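Presented below is the structure to which this report refers.
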Amino acid sequence: MKLPKSIKKLTDNIWEIPESYKAGMNVPVRIYASEKLITEMDEGVFGQISNVAALPGITGPAYCMPDGHWGYGFPIGGVAAFDPETGVISPGGIGFDINCGMRLIRTILTVDEVRSRIRDLVDKLFKRIPAGVGTTGFVVISRDEFREVVESGAQWCVKNGYGVEEDIDLTEEKGCVAGADASKVSASAIERGYRQIGTLGSGNHYLEIQVAKPVNIYDPKLAKTFGIDIPNQVCIMLHCGSRGFGHQVATDYLHTFLSVMGKKYDITTPDRELACAPFRSQEGQDYFAAMKCAINMSYVNRQVILHRVREVFSDVFHRDPADLGLHMIYDIAHNTAMLEKHIIDGTEREVLVHRKGATRAFGPGSTSLPAVYRNSGQPVIIGGSMETGSYLLAGLGSGEQTLFTTAHGSGRTMSRRQAKKLHNGKQLQHDLEERGIYIRTASYSALAEEVGEAYKNIDDVVAVTENTGISKRVVRFVPIGNIKG
DNA sequence: ATGTAC
């Protein structure tokens, strides 16, 4: 829309809003976008990311990724690091859906083997993986066991038969961030969460059957390292988060922060949606520990869904999951705040990095990566709309410029309401089936909201990340089946 | 995103 007058074009794909743009800004803003993408961004993005630059203790530019759009407090695609001693933690910088993230699973099946059974496969996945608002899962545990689950993360899944060690190794943070403390989580969050393990959710959450066509392999060597080396290989990509549990944790602490921010800590923010607390305060540390529970819940959620995927594939293809090569490629969050070491003003420091609708993308050599990917860079999973395709990228050393962060998806360009006005869910399902994408959905109106037209072009988004060196293309996937919340 | 709002 309307670009701020003072915005400066640093390169074809990097734009800067100077500190002078708005009173109170402590640092400049850097937006990663092509001319086309930045003019497509809603005006709110510039104001929102400039507000982030005004938060106390921010250690460098506030960043916005090319898929950025308007969100609660921070824009989606917003990235900001804070000094742990002088800075803040803000739920609006993480998102209500804490550890909303992506998981990518490979198979040794080809598109021909899968297409002939796609209806059966998608129908069974739809039946076995609860989707939609308010659904509960098949994992029956007590509230107290749930408290243990959110502290121990994906390892709980392996102990209880929902996965194998290899899955854990291929999950970011090995499926468990240290320091999760369930005593910092409210009873209502536990109540909402304890029956939601293994459920997909609603909105833009989905599970998709995809194909890696030979023409869409951009880096065969990296693709092979990530396990994509069969022509027209079928993969499964899923997008979901911490459900009502994470939502409640975010809501609880937003309220807490609003009540103490000004009165107790004398912090003012340009927008009350940026409610925050000093990271080192009791309230800040409590939220950090509770948020980590939601991060772990989400890793567990996606792990249990993987278990279900293995069961369904095994059932449909009458083969053992191991014979179908159902291995994880990676699992990565895009809504978190993490303490990480980065080079800030020339020296290595520990900072609290908020990523909201933005994906961590460590480069080759990072000790955070599993041994199998250590030399290749971190797999980055980018979900596109159900019509246009998705990407597997890899992190690069030059990602340091954005605290090793890249995009997370397409990013909306059209409001949900507008999408529903222009499209009918049932018709869309029919049209997509004619184009070779078989979809089951929990809600036809939710399906209409996710129409491809409502999203930015994923190829444009990925091109910016590659042109700026914050990640590189490895494989592009196209969908043939989808279950939607 | 969300038992889609106090």
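Only a predicted model underlies this, so the values are computations on that prediction, with no experimental measurement involved. We name chains A, B, ... by the order of the sequence lines, and we start the count at 1 in each one.
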Mind checking [X] for me? I need base, sugar-phosphate or nothing, with any heavy atom below 4.0 Å counting as a touch.
{"X": "A/Gln196", "answer": "sugar-phosphate"}
{"X": "A/Thr251", "answer": "nothing"}
{"X": "A/Gly244", "answer": "sugar-phosphate"}
{"X": "A/Arg416", "answer": "sugar-phosphate"}
{"X": "A/Gly203", "answer": "sugar-phosphate"}
{"X": "A/Gly201", "answer": "sugar-phosphate"}

Nearest 0.5 angstrom please: A/Asn296 CG to A/Asn99 CG, how far?
8.0 Å

What's the separation between atom CG in A/Leu238 and atom CG in A/Leu207, rounded to the nearest 0.5 Å?
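Taking CG in A/Leu238 and CG in A/Leu207, the distance rounds to 5.0 Å.
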
Rounded off to whole Å, could you give me the [atom1]-to-[atom2] distance for the [X] and [N] pair?
{"X": "A/Asp97", "N": "B/dT2", "atom1": "CG", "atom2": "C1'", "value": "9 Å"}
{"X": "A/Glu450", "N": "B/dT4", "atom1": "CD", "atom2": "C1'", "value": "14 Å"}
{"X": "A/Ile76", "N": "B/dT2", "atom1": "CD1", "atom2": "P", "value": "13 Å"}
{"X": "A/Gln248", "N": "B/dC6", "atom1": "CD", "atom2": "C1'", "value": "13 Å"}
{"X": "A/Asp252", "N": "B/dT2", "atom1": "CG", "atom2": "P", "value": "16 Å"}
{"X": "A/His239", "N": "B/dT2", "atom1": "NE2", "atom2": "C1'", "value": "14 Å"}
{"X": "A/Glu449", "N": "B/dT4", "atom1": "CD", "atom2": "C1'", "value": "10 Å"}
{"X": "A/Phe245", "N": "B/dT2", "atom1": "CZ", "atom2": "C1'", "value": "14 Å"}

Distance under 6.0 Å and angle within 45° of ring axis: [X] vs [Y]:
{"X": "A/Arg30", "Y": "A/Tyr63", "value": "no"}
{"X": "A/Arg308", "Y": "A/Phe138", "value": "yes"}
{"X": "A/Lys426", "Y": "A/Tyr444", "value": "yes"}

Which residue, A/Val133 or A/His247, contacts DNA chain B at a nucleotide closer to its 5' end, judged by nearest heavy atom?
A/His247

